[in-house]
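Following: one structure in structure tokens, then a few remarks.
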Protein chains: 2
Amino acid sequence: MEQTPHLLLAEDESSLGFLLKENLRLAGFKINLCKDGAEALEAFKTGKFDLCIFDVNMPKKDGFELAADIRLLDKFVPIIFLTANSSEEDKLKGFEIGGDEYITKPFSTQELIARIKAIIKRTQFVKPEIATEQKILSAGITEVDITNHVIIQNGQEKRISNTEAELLKLFITHKNNLLTRSVILLNVWGRDDFYSARNLDVYINKLRKLLKEDPSLEIVNIHGSGFKLAENVGA
Amino acid sequence: MEQTPHLLLAEDESSLGFLLKENLRLAGFKINLCKDGAEALEAFKTGKFDLCIFDVNMPKKDGFELAADIRLLDKFVPIIFLTANSSEEDKLKGFEIGGDEYITKPFSTQELIARIKAIIKRTQFVKPEIATEQKILSAGITEVDITNHVIIQNGQEKRISNTEAELLKLFITHKNNLLTRSVILLNVWGRDDFYSARNLDVYINKLRKLLKEDPSLEIVNIHGSGFKLAENVGA
DNA sequence: TAAAAATATTAAGAAAACATTAACCTTTGG
DNA sequence: CCAAAGGTTAATGTTTTCTTAATATTTTTA
């Protein structure tokens, strides 16, 4: 994260948008203001943002659609929804999509700033996607070419899928450490619910089959907690 | 973090407190309900909580004072304030103290649950600094690897269950001190009733069997009060 | 010392977590 | 527009852990 947090603001009412932008700037943030969802999505693809603030009611692409699209690109970036609609249903929908806040208009700018700071404070330690993309990871006799989705064992190459690669990367970069189910799910799937948990089981099974070739590696389950890639050096 | 998040709830209105506790329990959380700030502070010192929910208006020690005290003990644990007062000033005060949420009554339980989950999710991502952290506690000749649910005695490893680990952790972090049945039950089971009490007896028995290997450790019963892990250095 | 309360022990039953395989969508490249 | 691959959901079986129950023992109190 840069020194001054960079916010992406999508708000179609230009007067409110401008006011917010100015106040947030004074509060020490860098703001990129977009007038609709489509523009915001483009901006997000181009830049790097620490937090998003989306009006829910916008033309072209509303705040929820926008958030859903953003979540496909980035599982982690915090999202705050702004709306005139205080309905319970809408609020819950906002959280379900993976929003962090749901603020109903009218709201105080001071309060918004306080909430932004609270969120940034608790996300600032979150691991950023590894900038120096390490191409090859290894453990035991297994090498994984993350970018090309290939694993190499005893000179033999095998292609693996995107999800397999992500999961394996997570295990190898934290080998011998317990990864809780929740941590794995959020890092690989971006959500933590019943189905993604079943999914994880399926992929654990796939990885175990892949790692059968490597006697020094084993994915062990810690019942009720999660999994650990154990590297047995003695083997 | 354990599988079921553990919440500390301080609410002086017993009817609201009970209702919340029940709803949160059904949502899959373990709750420790305290009826005032002083009691909550004590509970916080004894147990380990993933998130705190404090009513602002409470006798003895209000929610803000309580939060300030907690912040001295733990700079990161998320705090949610509940209050009937929706004044701007109060809200900002809540955030300034380092609160993560400020919810005004009346509020929907569903919304509260959604917000709790959003916050917990944020704190679940892999953080580089904690990924490698392996919590090992020790007493006598016994070492307990809390994260991996393993105890080590004389170089011998034994796997233990989630509940065994939690209970043992509680004993070791308070060794030579009496832990009342009630404190143990609330911290490990999140409830204090007839059945959980029988359960505790069962687990005391399990731990005693584990600790048989260690002549310097003994779980002693103080009849009518609770239990104590006695560490006998001379042995 | 007998009755009551609290604690201890073991085992059976229930529930939760995990593993495995297959079916079913969804996306994507020809 | 089809086929292949990857991802998700479903179904089912197994293992582990947790809870409840049943019964025995110890400690306190009347």
Side-chain angles (χ1 to χ4, degrees), chain A residues 68-69 71-73 75 148-151 158-168 171 178-185 187-212 218-230, chain B residues 2-4 25-30 148-151 158-168 171 178-182 184-185 187-212 218-230:
Chain A
D69 288 347
R71 273 280 166 268
L72 294 177
L73 300 170
K75 294 192 285 286
N148 293 313
H149 297 177
V150 166
I151 75 171
K158 256 186 261 173
R159 296 210 51 220
I160 59 178
S161 79
N162 200 8
T163 310
E164 286 164 347
E166 286 268 316
L167 183 56
L168 193 49
F171 272 123
L178 168 69
L179 290 168
T180 66
R181 292 188 85 101
S182 180
V183 162
I184 298 172
L185 291 171
N187 278 281
V188 178
W189 281 271
R191 51 191 244 267
D192 175 0
D193 52 33
F194 176 81
Y195 292 114
S196 52
R198 289 315 96 236
N199 222 336
L200 171 56
D201 291 335
V202 172
Y203 275 85
I204 289 288
N205 188 250
K206 293 184 184 195
L207 286 195
R208 280 182 173 148
K209 281 177 184 163
L210 284 174
L211 295 182
K212 273 235 176 76
E218 190 186 7
I219 296 176
V220 300
N221 169 254
I222 284 96
H223 195 102
S225 296
F227 298 89
K228 169 171 91 168
L229 177 67
Chain B
E2 313 95 84
Q3 201 71 346
T4 55
R25 196 179 62 75
L26 290 173
F29 301 108
K30 265 197 293 190
N148 290 312
H149 294 178
V150 164
I151 76 172
K158 257 184 259 172
R159 301 190 55 179
I160 60 179
S161 81
N162 222 321
T163 310
E164 287 163 347
E166 289 220 18
L167 184 55
L168 192 49
F171 272 122
L178 168 69
L179 288 166
T180 66
R181 293 186 85 102
S182 173
I184 298 173
L185 290 172
N187 276 285
V188 178
W189 281 270
R191 55 189 237 267
D192 175 0
D193 53 31
F194 175 80
Y195 291 115
S196 51
R198 288 316 96 236
N199 226 333
L200 170 55
D201 291 335
V202 171
Y203 275 84
I204 289 287
N205 188 251
K206 293 185 184 196
L207 286 196
R208 280 182 174 147
K209 280 178 183 164
L210 285 173
L211 296 182
K212 273 233 177 76
E218 190 186 6
I219 295 175
V220 298
N221 169 255
I222 286 90
H223 196 97
S225 303
F227 298 89
K228 168 171 91 168
L229 177 67

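Treat the numbers as computed from the prediction; the structure is a model and nothing was measured. Throughout, a chain's letter reflects where its sequence line sits, starting with A, and its residues are numbered from 1.
- The interatomic distance linking L207(A) (CG) with dA19(C) (P) rounds to 12 Å, in whole Å.
- For the pair H149(B) NE2 and dT16(D) P, the interatomic distance rounds to 16 Å; values are reported in whole Å.
- Put simply, CG on L200(A) is 13 Å from P on dT20(C), counting in whole angstrom units.
- Atom CZ in R191(B) sits roughly 10 Å away from atom C1' in dC18(D) (whole-Å rounding).
- In this structure, D192(B) places its CG atom 14 Å from P of dT19(D), rounding to the nearest Å.
- Straight-line distance from the CG atom of N162(A) to the P atom of dT27(C): 15 Å, rounded to whole Å.
- Side-chain nitrogen and oxygen atoms of S161(A) include at least one within less than 4.0 Å of the OP1 or OP2 phosphate oxygen of dG7(D).
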Let me check something: any side-chain donor-acceptor pairs from residues 201-208 of chain B under 3.5 Å, sequence neighbours excluded? List them with distances.
| unit_1 | atom_1 | unit_2 | atom_2 | d |
| --- | --- | --- | --- | --- |
| D201(B) | OD1 | R181(B) | NH2 | 2.7 |
| D201(B) | OD2 | R181(B) | NH2 | 3.4 |
| D201(B) | OD2 | R198(B) | NH1 | 2.1 |
| R208(B) | NE | I219(B) | O | 3.1 |
| R208(B) | NH2 | I219(B) | O | 2.9 |

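- At a threshold of 4.5 Å between non-hydrogen side-chain atoms, the residues L229(A) and L179(A) do not count as touching.
- With hydrogens and angles ignored, the 3.5 Å screen pairs a side-chain donor or acceptor of N221(B) with a backbone N or O of G226(B).
- In terms of phosphate contacts, Y195(B) brings a side-chain nitrogen or oxygen within less than 4.0 Å of OP1 or OP2 of dA21(D).
- Within the 4.0 angstrom heavy-atom criterion, no nucleotide atom of any strand lies near S196(B).
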* Per-nucleotide protein contact string for nucleotides 1-16 of chain C (B base, S sugar-phosphate only, - none; heavy atom under 4.0 Å) -> -----SBSBB------
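- Taking atom CD on E164(A) and atom P on dA5(D), their separation rounds to 13 Å, with Å as the unit.
- Every residue meeting the side-chain hydrogen bond (donor to acceptor under 3.5 Å, both in side chains) condition with S196(A), not counting sequence neighbours, appears here in chain and number order: D193(A).
- K30(B) places a side-chain N or O within donor-acceptor distance of the main-chain N or O of V188(B), the cut-off being under 3.5 Å.
- The backbone N or O of T163(A) sits nowhere less than 3.5 Å from a side-chain atom of E166(A) that would complete a donor-acceptor pair.
- Residue N199(B) places at least one side-chain N or O closer than 4.0 Å to OP1 or OP2 of dT19(D).
- The phosphate of dT19(D) has OP1 or OP2 within less than 4.0 Å of a side-chain N or O from W189(B).
- You'll find the side chain of F171(A) reaches within 4.5 Å of the side chain of I184(A), heavy atoms only.
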